[in-house]
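Notes for the one structure printed next.
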Amino acid sequence: MADVSQYVRFEEPFWRKRISELTNGRVAGEIAPFDRAGFRAEEMLQLMRLGVVPFGTALLAIVSSEEPEFNAVDLPALNPDLASLRQTVRLYRPHLKQILQERYGIELLAVYTYPAQVTWCRRPFTGLGDLTGRRVRTSSVGQTEMFEALGATPVVIPFAGVVQAMKAGVVECAVTGTLSGLAVGLQEVTSHIHSMALTWGVSVFGANQEAWRALPQEVRDTIRKGLAELEDNIWESVARESGDGLDCSAGKPSCGGGPRGSLNIVPVTPADDARRRSLLVQTVLPRWVDRCGADCADAWNRYLGPTLGIPAHAN
């Protein structure tokens with residue numbers, strides 16, 4: 001998307017300038033954010049499969065509406081911190097590569113993520129258990145199911161309407177990014193923010209395989225190397241931005257700049273983490289398998305289940 005840090009600071013400079021430097025002028029890149037390119041984000045994989053978009057980024061939470069298997073890496077309550085997310089992506093990446101190759105004819109070249117999505121509330125809470133009975137803004141099916149299991153009332157609201165919905169009392173809490181929430185002024189209408197990440201926003205960058213194979217091998221090798229550096233830079237930035245968003249929302253001296261608030265940061269307690277895991281095991285994972293099917297359960301049990309100690313069961 002055009003205005004997010006990942007695009008402005010990393011993706012756009014890489015394709016407009018860095019790629020030409022790396023290839024000594026053999027490759028010149030152009031890039032356009034999908035929200036200004038005239039097509040829907042949900043269409044990205046199909047456009048790449050057809051070669052209409054030879055290189056592109058697909059946000060897994062969006063394309064998983066048609067291919068739920070993609071969402072395994074970013075299920076709500078699965079990755080409460082960046083270390084957990086890194087492990088999940090590393091374990092599942094071979095399967096993402098296989099799905100993209102076999103079903104879409106896409107070569108996986110990089111995996112990115114956006115900063116942590118956390119819970120902001122108008123009045124005090126000490127953890128997930130305190131959200132029972134509250135109206136909470138959510139943005140995905142998985143988030144909705146998780147908050148229903150908590151006894152909260154999920155309300156799906158577009159990001160642009162979150163602050164107004166909070167002011168009007170339509171919702172009492174909202175799940176959104178640490179920095180993006182600050183950017184729209186959530187710190188002005190809330191009092192508490194949870195330090196636990198519920199989801200992130202994992203995306204894949206790939207190429208139409210025919211377009212990719214048409215490039216000389218040495219060019220492909222150079223692009224792969226450059227994208228590996230870009231991927232590392234984005235993940236390092238996410239670590240900084242997720243923490244900076246919390247620091248700035250609380251008005252800490254360590255805030256790196258930008259909007260500030262005076263919110264109370266709700267720490268993650270052992271009881272809170274146990275509740276998160278229970279929600280994942282009892283609600284989020286079974287509901288995902290219901291939507292996704294036996295093949296998804298098999299993939300989970302092959303790539304993620306053994307390390308996480310959480311098996312998936314298909315009905």
Side-chain angles (χ1 to χ4, degrees), residues 58-65 67-97 99 111-119 127-129 131 136 138-150 152 154 175-178 194-204 234-235 238-239 242-243 246 266-314:
L59 188 62
L60 295 185
I62 293 179
V63 298
S64 64
S65 59
E67 195 80 65
E69 206 161 343
F70 284 129
N71 217 26
V73 294
D74 199 17
L75 291 173
L78 174 59
N79 303 300
D81 51 51
L82 192 61
S84 300
L85 179 65
R86 280 185 177 275
Q87 173 180 258
T88 300
V89 169
R90 176 179 58 81
L91 293 170
Y92 204 70
R93 189 171 185 145
H95 192 53
L96 287 175
K97 181 179 178 70
I99 296 173
V111 181
Y112 310 139
T113 186
Y114 291 102
Q117 301 270 309
V118 300
T119 307
L128 293 172
L131 301 180
V136 182
T138 59
S139 60
S140 70
V141 172
Q143 287 181 11
T144 293
E145 292 169 345
M146 191 196 81
F147 280 103
E148 285 176 342
L150 271 173
V175 178
T176 195
T178 54
H194 204 188
S195 56
M196 177 189 289
L198 292 182
T199 54
W200 294 82
V202 179
S203 56
V204 293
I234 288 175
W235 281 82
V238 164
S242 295
L246 290 173
V266 179
V268 179
T269 63
D272 214 19
D273 197 55
R275 175 63 69 91
R276 173 198 63 79
R277 187 177 175 92
S278 175
L279 288 166
L280 174 64
V281 172
Q282 297 180 17
T283 300
V284 174
L285 182 59
R287 294 283 187 88
W288 173 72
V289 170
D290 286 345
R291 290 193 298 275
C292 202
D295 288 346
C296 294
D298 290 342
W300 175 279
N301 291 330
R302 178 180 178 186
Y303 293 97
L304 297 175
T307 299
L308 299 176
I310 302 173
H313 304 286

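None of the values given here were measured: they were computed from a predicted structure. Every heavy atom of this structure was used, including side-chain atoms; hydrogens, water molecules and symmetry mates were not.
Between atom OH of residue Tyr114 and atom CD1 of residue Ile234 there is a gap of 8.5 Å, rounded to the nearest 0.5 Å. Taken from CE in Met146 to CG in Leu131, the straight-line distance is 8.0 Å, to the nearest 0.5 Å. The OG1 atom of Thr269 sits 7.5 Å away from the CE atom of Met196 when rounded to the nearest 0.5 Å. Taking CG of Leu198 as the reference point, atom CG of Leu128 lies at 6.5 Å (rounded to 0.5 Å). Here Trp200 contributes atom CH2 and Arg86 contributes atom CZ; the two are 10.0 Å apart, rounded to the nearest 0.5 Å. From Tyr112, atom OH reaches atom CG of Leu60 across 12.5 Å, with rounding to the nearest 0.5 Å.
Without hydrogens or angle criteria, Asn79 side chain to Ala197 main chain gives no donor-acceptor distance under 3.5 Å. A donor-acceptor pair under 3.5 Å is formed between the side chain of Asp74 and the backbone N or O of Gly201. A donor-acceptor distance shorter than 3.5 angstrom exists from the side chain of Asn301 to the backbone of Ala312, with no hydrogens or angles considered.
With a 4.5 Å cut-off on side-chain heavy atoms, Cys296 and Val289 do not count as touching. In this structure, Trp235 and Val89 have side chains that are in contact, with non-hydrogen atoms separated by less than 4.5 Å. You'll find the side chain of Val141 stays beyond 4.5 Å of the side chain of Thr144, heavy atoms only. In this structure, the side chains of Leu308 and Leu78 come closer than 4.5 Å at one or more pairs of heavy atoms. The shortest side-chain heavy-atom distance between Glu148 and Pro154 falls under the 4.5 Å cut-off.
Of all heavy-atom pairs between Ala116 and Ser242, the closest is N-OG, 3.0 Å. Scanning both residues, Ala152 and Val136, for their nearest heavy atoms gives CB-CG2, 4.1 Å. Residues Ala61 and Ser64 come closest through the heavy atom pair O-OG, 3.1 Å. The minimum heavy-atom distance linking Leu279 with Ala149 is given by the pair CD2-CB, 3.8 Å. Of all the heavy atoms in Thr178 and Pro115, the pair that sits closest is OG1-CB, 4.4 Å. Nearest heavy-atom pair across Val63 and Ala58 is CG1-CB, 4.1 Å.
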**Message:** Walk me through whether Val268 and His194 qualify under side-chain contact (heavy atoms from CB on, under 4.5 Å).
**Reply:** CA-CA 8 Å; Val268 179; His194 204 188; 4.3 Å; yes
**Message:** Determine whether Thr307 and Gln87 satisfy the following criterion, side chain to side chain donor-acceptor pair (under 3.5 Å), listing intermediate values before the conclusion.
**Reply:** CA-CA 9 Å; Thr307 299; Gln87 173 180 258; 5.7 Å; no
**Request:** Quick one: do Trp300 and His95 satisfy side-chain contact (heavy atoms from CB on, under 4.5 Å)? Show the steps, please.
**Result:** CA-CA 10 Å; Trp300 175 279; His95 192 53; over 6 Å; no
**Item:** From CA spacing to verdict: side-chain contact (heavy atoms from CB on, under 4.5 Å), Val175, Phe147
**Value:** CA-CA 11 Å; Val175 178; Phe147 280 103; 3.6 Å; yes
**Request:** Verify side-chain contact (heavy atoms from CB on, under 4.5 Å) between Leu85 and Val202, making sure each step is shown before the conclusion.
**Result:** CA-CA 9 Å; Leu85 179 65; Val202 179; 3.9 Å; yes
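No more than 12 heavy atoms of other residues, nucleotides or ligands lie within 6.0 Å of CZ in Arg275, so this atom counts as exposed by the packing criterion.
Partners of Arg277 under the salt bridge (charged side-chain N to carboxylate O under 4.0 Å, His left out) rule, at least two apart in sequence or in another chain, do not exist in this structure. Applying the salt bridge (charged side-chain N to carboxylate O under 4.0 Å, His left out) criterion to Arg276, with sequence neighbours excluded, gives Asp273.
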